[in-house]
Structure formats: C-alpha cells, structure tokens
Asker: 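Quick one: the structure is below, questions incoming.
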Amino acid sequence: MQARYYAIFLCGLTTVAIANPDVTSREYKLMLNPALFTSGNEASNVNSYFQAAKTQIQQQISRDVTGTMTLSKTRQVRFFDSPNTCLLKNKGYIFRERVENGQSEVTLKYRGYDQYIAAFEDLSGSSSQAETKFEEDIGSKNGQSFVAVFSHSTTEPNTRTLNDFQDVNVHFPAFATHYAISNSQPLSVVSNFTAYERVYKGGSIDLGQFDAQISVTLWYNGVPSVNTQPVTVEASFKYEDPDAAYTKQVVNRANLSFSALQAMNSWVSTTSATKTQYAYEYSPNFCS
C-alpha cells in the first residue's frame with residue numbers, strides 16, 4: 001500500500017493511526033466516440049486520433065508530444081459481483097478479472113472521492129506477487145470537466161474458478177475480515193458481459209519533470225470480426241512519481257493537456273459512461 005501510516009500519542013495514553021496517502025500515480029481519462037473506430041482500421045483510427053491530440057496538446061502547453069501508438073495488449077476483461085444485490089458496487093468496490101495469453105489475474109479496487117477513506121481501505125493480497133496501487137483518476141462527469149476520484153487497488157495472479165465470494169475472500173483476506181461477506185454468497189459475471197480489450201500505447205507528453213504516457217483502450221463485445229465497431233473507447237494519459245513530489249508546472253501542464261483533449265469535440269463521446277459503467281449497465285437488471 002502506498003499510503004504511509006504514522007502513530008501519534010495523545011497525552012501519553014492514546015495511539016491514533018492516521019494516513020498520509022501519497023498519490024504516486026495520476027491518470028486522466030476521457031471517453032471517445034466508438035463510431036469513429038472499426039476493427040479493420042483500428043491502428044489507423046487510433047493514430048489519427050493521436051495525431052489530432054498531439055497537435056492540440058502541443059498548442060496548449062508548448063511542449064513536445066512524441067511517439068507512435070502501437071498495439072500493446074490484447075486480453076479479456078470481466079467484472080464480478082453478486083447478482084441482484086451488487087454488494088461490491090454498493091460498497092464502492094469492483095472485482096475484475098483480466099485474462100491475457102491464458103493467464104488470469106484479479107484486481108480488487110476501491111474508488112471514492114475522499115482521499116483518506118480510499119487510502120484506509122485495506123486491500124492486502126494473499127500472493128507474494130500482489131501489487132498494490134494508490135492513484136488519482138481524473139475524468140469528466142455530468143457536465144463537470146474535471147472530476148477526481150481516488151483509486152486504491154491490488155492485483156494478483158489467479159488460478160481459481162470465480163463463482164462465489166470465497167474467491168474474493170481468499171485473494172483478499174483483509175477485505176474478508178472487514179466486510180464479512182459469506183463465502184457462499186454467489187458471484188457472477190456482471191451483466192454476463194465479457195469485453196475483448198485491445199490497448200494501444202506509445203505516445204508521450206513532455207510535462208517537464210515527468211513524461212505522461214498515452215493509451216487508447218478499445219472494448220469489443222466479443223472477438224471482433226472485420227470492421228466491427230468497439231462498444232467503448234477510452235483515451236488516457238498517466239504520469240507517476242514514487243515520492244508524489246509533483247511540481248506546479250507538471251500538474252498545470254497535465255491539466256491543460258486534458259482540457260485540450262476535451263476540446264476535441266468531434267472525437268469525444270457525448271456520454272460520460274466509463275468502461276466499468278458500461279459493463280454494469282449492459283444488463284440494467286443485473287443489480288436489481
């Protein structure tokens with residue numbers, strides 16, 4: 001966990017644990033219009049967007065945007081939750097499986113608007129290969145152009161068949177202890193929806209102290225055939241500092257870069273639904 005914990009002694013009697021949650025990664029996300037992309041012209045479509053974005057960002061921040069977008073990952077993505085009740089979603093959590101080259105990994109993620117509450121959620125994994133992140137996700141929502149959400153997550157390898165909450169509890173024992181959801185509680189693929197995900201990377205924004213890495217992520221409803229349109233497309237860029245010592249220049253340039261992307265009206269989706277929202281809303285009755 002990236003949050004740092006300290007003990008403060010009050011009057012020599014009481015010990016209070018507090019969190020100083022260092023945001024070591026900041027990611028800006030924007031949904032694009034999927035009608036502008038097809039599987040047959042996917043790489044060309046992605047790089048057309050990148051070239052347009054490159055021009056807009058460079059004009060805004062007077063810094064270089066470099067690189068070429070190439071296919072980086074192809075994998076299947078599914079979310080799991082309790083049917084009819086969506087216990088995880090209602091607690092601010094998602095439980096996600098990604099399968100790449102036949103290898104499964106699971107992620108338990110808490111997302112919330114309070115930086116400290118997000119940091120205090122204990123997402124300790126059970127595997128020695130578990131990786132925990134504490135990030136800030138910036139997007140737009142309901143007409144607001146800049147909405148920050150704090151994301152605390154752990155990812156680890158998975159060999160289990162996911163079908164009840166025991167699969168969550170075994171992977172994440174601290175979650176199991178805190179929330180005490182029965183192992184026998186059924187767990188199903190959210191909306192019975194599996195995303196076939198293709199991720200392009202390779203673009204870079206010079207923010208000064210750090211470079212931001214650009215990604216474009218496309219989701220298809222199953223393996224795409226020739227000229228299949230994706231169901232969602234997300235553009236994002238991320239920069240990281242393990243010490244969370246971002247300068248004013250860096251954060252200002254990142255904000256201007258995000259504003260430049262939002263101003264590309266011909267590319268931006270008219271809805272603000274995220275990839276996770278799409279999965280949950282694909283079958284509107286899943287949670288009820």
Side-chain angles (χ1 to χ4, degrees), residues 1-4 19-32 77 79-81 86-96 98 106-124 131-155 168 172 174-175 178-179 190 195 197 199 205 207 210 212-217 219 232-242 244 246 250-262 268-282 287:
M1 180 175 174
Q2 297 293 345
R4 298 175 185 173
N20 178 18
D22 289 338
V23 177
T24 57
S25 175
R26 306 186 80 221
E27 185 169 15
Y28 296 71
K29 300 178 179 181
L30 185 67
M31 303 309 295
L32 304 182
V77 180
F79 296 88
F80 289 80
D81 210 332
C86 287
L87 292 174
L88 288 169
K89 180 176 182 288
N90 291 335
K91 295 181 184 300
Y93 275 88
I94 65 164
F95 182 59
R96 180 186 66 208
R98 285 173 170 164
V106 290
T107 299
L108 185 65
K109 178 184 292 188
Y110 176 86
R111 300 178 81 240
Y113 295 105
D114 190 302
Q115 182 175 357
Y116 289 85
I117 290 175
F120 270 125
E121 288 295 305
D122 191 341
L123 286 129
S124 302
E131 296 184 2
T132 299
K133 296 180 180 179
F134 187 67
E135 305 173 292
E136 183 179 12
D137 294 332
I138 297 99
S140 57
K141 184 177 181 180
N142 299 330
Q144 300 179 68
S145 59
F146 189 101
V147 178
V149 177
F150 296 94
S151 171
H152 191 182
S153 65
T154 296
T155 299
V168 181
F172 304 100
F175 173 89
H178 181 72
Y179 289 101
V190 170
E197 180 178 83
V199 182
I205 307 171
L207 297 178
F210 301 105
Q213 306 307 313
I214 300 174
S215 299
V216 175
T217 302
W219 271 13
T232 70
V233 181
E234 178 192 82
S236 64
F237 64 87
K238 176 192 290 189
Y239 58 101
E240 301 177 335
D241 178 8
Y246 309 108
V250 164
V251 296
N252 281 341
R253 288 174 185 139
N255 184 57
L256 288 171
S257 297
F258 191 50
S259 295
L261 297 184
Q262 291 177 309
V268 176
S269 172
T270 55
T271 71
S272 59
T274 65
K275 301 193 302 296
T276 305
Q277 283 177 294
Y278 182 89
Y280 270 90
E281 294 171 3
Y282 182 75
C287 290

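Just so it is clear, the values below take in all heavy atoms, side chains as well, and ignore hydrogens, waters and symmetry mates.
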Asker: If the condition is side chain to side chain donor-acceptor pair (under 3.5 Å), which residues does Tyr246 pass it with, not counting sequence neighbours?
Answerer: none
Asker: Just so I know, are the side chains of Val251 and Tyr239 near enough to count as touching, which here means a heavy-atom distance under 4.5 Å?
Answerer: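 Counting from C-beta outward, Val251 and Tyr239 do come under 4.5 Å.
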Asker: Closest heavy-atom contact between Ser145 and Gln262?
Answerer: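 Scanning both residues completely, I find the closest heavy atoms to be O-NE2, 2.6 Å.
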Asker: How far does CD1 of Ile138 sit from CG of Leu30, to the nearest 0.5 angstrom?
Answerer: 12.5 Å
Asker: Distance from Asp81 atom CG to Leu88 atom CG, nearest 0.5 Å?
Answerer: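 Here the interatomic distance stands at 4.5 Å.
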Asker: Please round to the nearest 0.5 Å and tell me the distance separating atom CG of Leu87 and atom OH of Tyr179.
Answerer: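 Answer for the CG-OH pair, Leu87 versus Tyr179, is 11.5 Å.
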Asker: Got a sec, which residues hit salt bridge (charged side-chain N to carboxylate O under 4.0 Å, His left out) with Glu136, two or more places apart in sequence or on another chain?
Answerer: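 Arg26.
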Asker: Please list, chain by chain and in numerical order, all residues satisfying salt bridge (charged side-chain N to carboxylate O under 4.0 Å, His left out) with Lys29, sequence neighbours excluded.
Answerer: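 Scan of Lys29 (salt bridge (charged side-chain N to carboxylate O under 4.0 Å, His left out), adjacent residues dropped) gives Asp137.
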Asker: Can you list the residues that meet the ring pair (Phe, Tyr, Trp, His ring centres under 6.0 Å) rule with Phe258, with sequence neighbours excluded?
Answerer: Tyr28
Asker: Checking Thr155 now: which residues fulfil side chain to side chain donor-acceptor pair (under 3.5 Å) with it, not counting sequence neighbours?
Answerer: Thr107
Asker: Are any of the side-chain heavy atoms of Val106 and Phe80 separated by less than 4.5 Å?
Answerer: no
Asker: For the residue pair Leu32 and Ala235, what are the closest heavy atoms and their distance?
Answerer: CD1-CB, 3.9 Å
Asker: Excluding sequence neighbours, so at least two apart, what forms ring pair (Phe, Tyr, Trp, His ring centres under 6.0 Å) with Phe79?
Answerer: none
Asker: Partners of Gln115 by side chain to side chain contact (heavy atoms under 4.5 Å, CB included), sequence neighbours excluded?
Answerer: Pro21, Val23, Phe134, Phe150
Asker: Tyr113: what forms a side chain to side chain contact (heavy atoms under 4.5 Å, CB included) with it, not counting sequence neighbours?
Answerer: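 Testing Tyr113 for side chain to side chain contact (heavy atoms under 4.5 Å, CB included), a comparison that skips the adjacent residues, returns Lys141, Val147, Val149.
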Asker: Nearest heavy-atom pair of Ala195 and Trp219: which atoms, and what distance?
Answerer: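 Reported closest heavy-atom pair: CB-CD2, 3.4 Å.
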Asker: Would you please name every residue forming a side chain to side chain contact (heavy atoms under 4.5 Å, CB included) with Ser269, sequence neighbours left out?
Answerer: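 So Ser269 forms a side chain to side chain contact (heavy atoms under 4.5 Å, CB included) with Met31, Thr271.
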Asker: Mind checking the NZ-NZ spacing from Lys133 to Lys109? Nearest 0.5 Å is all I need.
Answerer: 8.5 Å
Asker: Closest heavy-atom contact between Ala212 and Phe237?
Answerer: CB-CD1, 3.8 Å
Asker: Where the side chain of Thr154 meets the backbone of Leu123, is there a donor-acceptor pair that is under 3.5 Å apart?
Answerer: yes
Asker: Judged by modelled atom types alone, do Asp22 and Thr24 share a side-chain donor-acceptor pair under 3.5 Å?
Answerer: no
Asker: Residues two or more places apart in sequence or in another chain: which of them pass salt bridge (charged side-chain N to carboxylate O under 4.0 Å, His left out) with Lys275?
Answerer: Glu234
Asker: Please enumerate all residues that pass side chain to side chain contact (heavy atoms under 4.5 Å, CB included) together with Glu281, with sequence neighbours excluded.
Answerer: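 With sequence neighbours excluded, Glu281 shows a side chain to side chain contact (heavy atoms under 4.5 Å, CB included) to Gln277, given in chain and number order.
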Asker: Assess whether side-chain contact (heavy atoms from CB on, under 4.5 Å) is satisfied between Lys238 and Ser25, documenting all intermediate values.
Answerer: CA-CA 7 Å; Lys238 176 192 290 189; Ser25 175; 3.4 Å; yes
Asker: To check you understand the geometry: which heavy-atom pair defines the closest contact between Ser257 and Ile205, and what is its length?
Answerer: OG-CG2, 4.0 Å
Asker: Output all residues satisfying side chain to side chain donor-acceptor pair (under 3.5 Å) with Tyr93, sequence neighbours left out; order by chain, then residue number.
Answerer: Glu121
